[in-house]
Amino acid sequence: MAVDVVCVASWNVDLIAHIAQPLQRGQTQMAQGFERLPGGKGSNAAIAAARQGAQVGLIARIGGDDFGQMGLDLWAHEGIDRQHVVRGDGETNGTALILVYADGDNSIAVYPGAGAGLTADHVQAASDMIAQARVVMASCEVPLAATLAAFKLARAHGVRTLLNPAPAMPLPDALWPLVDVLTPNEGELLMLADAPDIETAAQRLLQRGVGALVVTLGERGCALFQPGTAPLHVPGHAMQVVDTIGAGDTFTGSLAAQLARQSPWPQALQWANAAAALSTQAHGAVTAMPSHARVQAWLAPE
Ligand code: RIB
């Protein structure tokens, strides 16, 4: 089956505890709530794209355990192509330990498990799917070799590439010119460019070869930087946040879906902003991720 968006994806089960405030080193706090929910930056973005109407295919490596099966069931339910999802028999699935604080902010520790075994060969096996897609996306939760292989294949076939550089980490020079669209948040952007402010940081990454950079700014919206043009700021939405888990992934996946249908930048960014804002209205990454109809109704109320 031809897909619009291919995601080189991480898949985690999120174990989420709700506590009053960030833990001190060595401290124990009683949690007010606990949830076990779907997560992983790649899977989250893939589901966001699918809910915005894109046909989505995954390239992923998951555990042979119950958590791995949970991913397969979820993607089947979301209509996502799983033919390039491989299972590591006897291996533990990716798991994220998440603490959510009373103000909705969070801290996350990710153990990638079987996902750490995703290789360039797995990506190569999906070359036909990549060649027929419109957008290939990845995050920094998957091995870099897999992302490089996918982006090289995409470039060879004229397919747009989108990188969510989260969690932020030093990236090799060879990757930057292969990235058509980069979607860091403010902290990730400043760290990646080692710069004191957004404007300087964005220009530094564009000089390294990134095609377009979209920095996400929470309720302040987002800003698009492209070589030789003035930045475009798209306002965001002030929300009563329940939690922000997966909001960045929702933005990335929704943007991928918009780019796949060749929407112009202002519309694509307005749409991704709205989807990300709506995703903060319930616990967990995918629980509140909106449908295409929900975003449409929210942006254009009767
Ligand atoms: O971006 C949120 C995600 O980060 C969570 O779902 C967790 O699994 C980690 O990957």
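Note that these values count all heavy atoms, side chains included, but never hydrogens, waters or copies made by symmetry. Just so you know, these numbers come straight off a predicted model, no measurement behind them. We count ligands from 1, going down the list as the structure has it; atoms in each ligand are counted the same way.
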Does atom CD of Q27 have more than 12 heavy-atom neighbours, drawn from other residues, nucleotides or ligands, at distances under 6.0 Å?
yes
Taking every heavy atom of A274 against every heavy atom of V295, the minimum-distance pair comes out as CB-CG1, 3.9 Å
What atoms of ligand 1 come within less than 4.0 Å of a heavy atom belonging to [X]?
X    : value
D249 : 1 (O), 2 (C), 3 (C)
G246 : 2 (C)
G39  : 6 (O), 8 (O)
A96  : 7 (C), 8 (O)
N12  : 8 (O), 9 (C), 10 (O)
N44  : 2 (C), 3 (C), 5 (C), 6 (O)

Nearest protein heavy atom with distance in Å, relative to [atom]:
atom                    : result
atom 6 (O) of ligand 1  : D14 OD2, 2.6 Å
atom 10 (O) of ligand 1 : E141 OE2, 2.4 Å
atom 4 (O) of ligand 1  : K41 NZ, 3.1 Å

Rounded to the nearest 0.5 Å, what's the gap from CD on Q52 to CG on L255? Could you check?
11.0 Å
According to a 4.5 Å side-chain heavy-atom criterion applied to Ile, Leu, Val, Met, Phe, Trp and Tyr, with indirect links allowed, do V214 and L163 form part of one hydrophobic cluster?
no
Under the side chain to side chain donor-acceptor pair (under 3.5 Å) test, residues paired with D73 that sit two or more places apart
Q69
So, using side chain to side chain donor-acceptor pair (under 3.5 Å) as the criterion, who are the partners of T250 when residues are at least two apart?
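In terms of side chain to side chain donor-acceptor pair (under 3.5 Å), with neighbours along the sequence ignored, T250 is linked to no residue.
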Is the closest heavy-atom distance from G248 to ligand 1 below 4.0 Å?
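Heavy atoms of G248 never come under 4.0 Å of ligand 1.
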Give a yes or no on whether the backbone of Q226 and the side-chain of T229 come within a donor-acceptor separation of less than 3.5 Å.
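At least one qualifying donor-acceptor pair exists.
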Taking both backbone and side-chain atoms of G40, is any N or O found less than 3.5 Å from an N or O belonging to ligand 1?
yes
Have a look at R220 and tell me which of H233, E186, H237 forms a side chain to side chain donor-acceptor pair (under 3.5 Å) with it.
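It is E186; the other options fail the test.
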